[in-house]
There are 2 protein chains.
Amino acid sequence: MKVFRNKFSQYVRLSEDAWTPFDDLDQRSETFEAGEDLIVAGQDANEVFVLQAGWALRYRLLEDGRRQIVNFMLPGDVFDLQSLSDLKADHTVTAITDCDVTVIPSRPFVKMLQESSHIAAAFWWSAVQEDSILREQIVRIGRRSARERIGHMLLELHRRYAGATGEETDELVMPVTRADIADALGLTPVHVSRTMSAMRRSGLIEEERGSIRLLDRERLSRLSHFDTDYLHLKKLDLLKKEMAANGKGDAAGLTQINAREKEAP
Amino acid sequence: MKVFRNKFSQYVRLSEDAWTPFDDLDQRSETFEAGEDLIVAGQDANEVFVLQAGWALRYRLLEDGRRQIVNFMLPGDVFDLQSLSDLKADHTVTAITDCDVTVIPSRPFVKMLQESSHIAAAFWWSAVQEDSILREQIVRIGRRSARERIGHMLLELHRRYAGATGEETDELVMPVTRADIADALGLTPVHVSRTMSAMRRSGLIEEERGSIRLLDRERLSRLSHFDTDYLHLKKLDLLKKEMAANGKGDAAGLTQINAREKEAP
DNA sequence: CGCCCCGTTGAGGAGAGTCAATGGCTGTGG
DNA sequence: CCACAGCCATTGACTCTCCTCAACGGGGCG
């Protein structure tokens with residue numbers, strides 16, 4: 001439960017009390033093993049998932065076996081809000097590592113959103129952020145070179161991971177194969193391997209079984225034209241300062257950080 | 001106003017009365033000329049747009065001038081639901097043709113959604129559909145050949161256009177240059193031109209100043225692995241049959257067409 | 001009429017794909 | 001405890017799709 005609120009605190013910080021309508025929901029915890037499907041394309045979707053621990057990915061398979069990974073899901077991510085419309089899932093979601101997931105039936109979830117506008121705002125932001133990530137993925141695949149794509153994705157995952165866990169290191173524990181990266185970025189595993197080898201040689205990254213260290217985020221950002229803005233977050237350190245200053249959270253139970261920021265010219 | 005409800009009727013059909021909370025909103029009509037920006041990246045977004053007539057596109061520019069078109073907006077499309085979170089726009093939206101747009105300030109819009117769950121459901125579906133289109137765009141760019149990309153996009157636009165207008169012809173009036181298509185599909189104008197010439201030669205399409213005729217949708221669908229399912233619509237003819245059978249709409253003001261469909265095994 | 005934008009076509013080049021072989025690591029079973 | 005299988009990353013050689021540069025022609029518009 002921790003991780004999930006951690007992520008949301010990047011947009012609004014709700015007091016413990018403000019979350020009770022959510023906590024009171026009839027929800028269950030489930031564990032999926034690596035490789036298991038959480039959501040299967042074509043099946044009715046009527047539950048909302050919150051990933052508490054582990055990595056998952058959403059993909060689509062073409063008839064001839066080509067696979068496209070649409071996006072990665074990290075701790076704190078919420079999906080499939082699509083289920084709120086009672087439609088069939090159009091993509092499959094698979095666990096990369098073992099995953100702890102909170103599962104909530106859609107109907108009571110919707111009801112809760114209607115009754116608690118603060119929580120609704122938080123989830124709405126999460127949906128907006130996911131949209132932004134999808135759009136950025138389009139730009140990445142459509143108009144960037146292999147090296148730019150890889151660098152850009154590493155930086156995004158790093159930022160999202162830091163946002164969810166609150167950690168701030170150069171290390172990115174990334175349980176992902178070259179084939180996964182390739183299928184996410186519209187490349188082949190071979191070419192991903194080559195490109196990442198080159199990045200290692202030029203001192204941008206360092207790898208050690210399942211973990212990537214971003215050695216020079218500055219340079220990497222420049223090379224891959226990475227700009228955090230699209231994640232709709234404040235810089236983390238600024239956030240931390242505010243949190244320290246504010247103490248436990250304001251009486252209204254809601255701190256609209258982004259709204260406040262607009263006061264600057 | 002017609003077009004917009006036309007589109008929504010693909011998911012739920014609301015009686016005239018059910019729409020009054022929406023009609024009562026303090027909204028204004030605006031016209032944008034071809035080439036004008038409706039939304040500019042980096043600016044605060046606090047209005048929702050409904051495109052009533054014309055085509056628009058959402059794009060992002062990289063520092064070195066590369067452009068990626070994220071998606072096209074057709075009559076009936078709603079954007080930017082992002083504005084409901086009071087964030088800055090992360091992409092620019094430009095009119096391709098002259099556009100008639102309904103503009104609604106976010107706050108009253110949100111309030112209306114909270115008070116009218118039927119309308120909220122309709123808009124939610126629209127957002128889900130847009131998400132689906134984005135994901136499909138990722139698959140298209142990431143894992144398809146030039147010909148597949150073009151064919152697939154033509155079919156999508158055709159289907160969406162038909163859904164919005166209710167027309168059902170092979171003609172697609174498409175005010176879009178080769179450069180636009182290229183920037184949408186991650187290609188170059190030159191290669192788009194070549195590929196479309198080949199498609200013309202093999203009898204798939206026919207062009208006549210700003211209008212494309214899909215000569216063999218069957219074959220085109222097969223070639224580009226197109227599957228309407230992701231648009232979350234029923235086939236239009238089926239819908240029309242239902243509309244004819246049901247007459248003016250049910251007493252509750254809400255027909256959850258997709259829900260009903262689930263009864264079949 | 002002449003300009004500009006757009007689409008087309010050709011020639012040559014490059015980034016990424018394909019095919020294939022090698023080696024490391026992990027897990028499993030004799 | 002070792003042998004072997006399976007998966008994954010890497011590297012080389014070659015290919016191909018798509019890109020770049022460039023020239024040309026048509027149509028709309030002042």
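Just so we're on the same page: letters track the sequence lines, and every chain starts at 1.
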Q: To the nearest angstrom, how far is Arg209(A) atom CZ from dT26(C) atom P?
A: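 Result: 7 Å.
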Q: Atom CG of Asp180(A) to atom C1' of dC8(D): distance rounded to whole Å?
A: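 Going from Asp180(A) (CG) to dC8(D) (C1'), I get 11 Å.
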Q: Given Asp37(A) and Thr94(A), is the side chain to side chain donor-acceptor pair (under 3.5 Å) satisfied, shown in steps?
A: CA-CA 4 Å; Asp37(A) 287 341; Thr94(A) 303; 2.8 Å; yes
Q: If the helix axis at each end comes from five base pairs, how far does the helix from dC1(C)-dG30(D) to dG30(C)-dC1(D) deviate from straight, to 10°?
A: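 Comparing the axis at each end, I get an angle of 30°.
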Q: Could you tell me how far apart Glu208(A) (CD) and dG24(C) (C1') are, to the nearest whole angstrom?
A: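 Computing the Glu208(A):CD to dG24(C):C1' distance gives 15 Å.
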Q: Could you give the CD-to-P distance, from Glu207(A) to dC25(C), as a whole number of Å?
A: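 So the CD-P distance, Glu207(A) to dC25(C), works out to 14 Å.
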Q: With a 6.0 Å cut-off (strictly less than), is the heavy-atom count around CD of Glu33(A), excluding the residue itself, greater than 12?
A: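 It does not: Glu33(A) CD has 12 such atoms or fewer within range.
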Q: Pick from Leu154(B), Thr195(B), Val176(B): which one makes a side chain to side chain contact (heavy atoms under 4.5 Å, CB included) with Ile181(B)?
A: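 For Ile181(B), the side chain to side chain contact (heavy atoms under 4.5 Å, CB included) check succeeds only for Val176(B).
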Q: Could you give the CD-to-P distance, from Glu148(B) to dT17(D), as a whole number of Å?
A: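 Whole-Å distance recorded here is 12 Å.
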Q: Write out a two-atom table: protein N or O, nucleotide N or O from nucleotides 15-17 of chain C, distance below 3.5 Å.
A:
unit_1  : atom_1 : unit_2    : atom_2 : d
dA16(C) : OP1    : Ala146(A) : N      : 3.0
dG17(C) : OP1    : Thr188(A) : N      : 3.3
dG17(C) : OP2    : Thr188(A) : N      : 3.1
dG17(C) : OP2    : Thr188(A) : OG1    : 2.8

Q: Decide if atom CZ of Arg66(A) counts as having more than 12 heavy atoms of other residues, nucleotides or ligands within a radius under 6.0 Å.
A: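 Enclosed.
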Q: Roughly, in whole Å, what's the span from CE in Met196(A) to C1' in dA9(D)?
A: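 The answer, rounded to whole Å, is 11 Å.
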Q: Taking NZ, NE, NH1 and NH2 as the nitrogens, is one of them in Arg28(A) or Glu47(A) under 4.0 Å from a carboxylate oxygen of the other?
A: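 A salt bridge links Arg28(A) with Glu47(A).
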Q: Calculate the interatomic distance between Arg178(A) atom CZ and dA9(D) atom C1'; express it in whole Å.
A: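 In whole Å, dA9(D) C1' and Arg178(A) CZ are 7 Å from each other.
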Q: Evaluate the side-chain proximity of Arg135(B) to Arg60(A): yes if any heavy-atom separation is below 4.5 Å, no if none is.
A: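 No, their side chains stay 4.5 Å or more apart.
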Q: Decide yes or no on side chain to side chain donor-acceptor pair (under 3.5 Å) for Gln27(A) and Thr102(A), but give the supporting numbers first.
A: CA-CA 7 Å; Gln27(A) 47 184 257; Thr102(A) 303; 4.8 Å; no
Q: Are there over 12 heavy-atom neighbours, none belonging to Glu63(B), within less than 6.0 Å of that residue's CD?
A: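 Atom CD in Glu63(B) is crowded, with more than 12 foreign heavy atoms closer than 6.0 Å.
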Q: I need the CZ-P distance between Arg66(B) and dC18(D), as an integer number of Å.
A: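 Distance check: Arg66(B) CZ to dC18(D) P gives 18 Å.
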Q: Can a salt bridge be assigned to the pair Glu136(B) and Arg160(B) using a cut-off of 4.0 Å between side-chain N and carboxylate O?
A: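 Salt bridge absent between Glu136(B) and Arg160(B).
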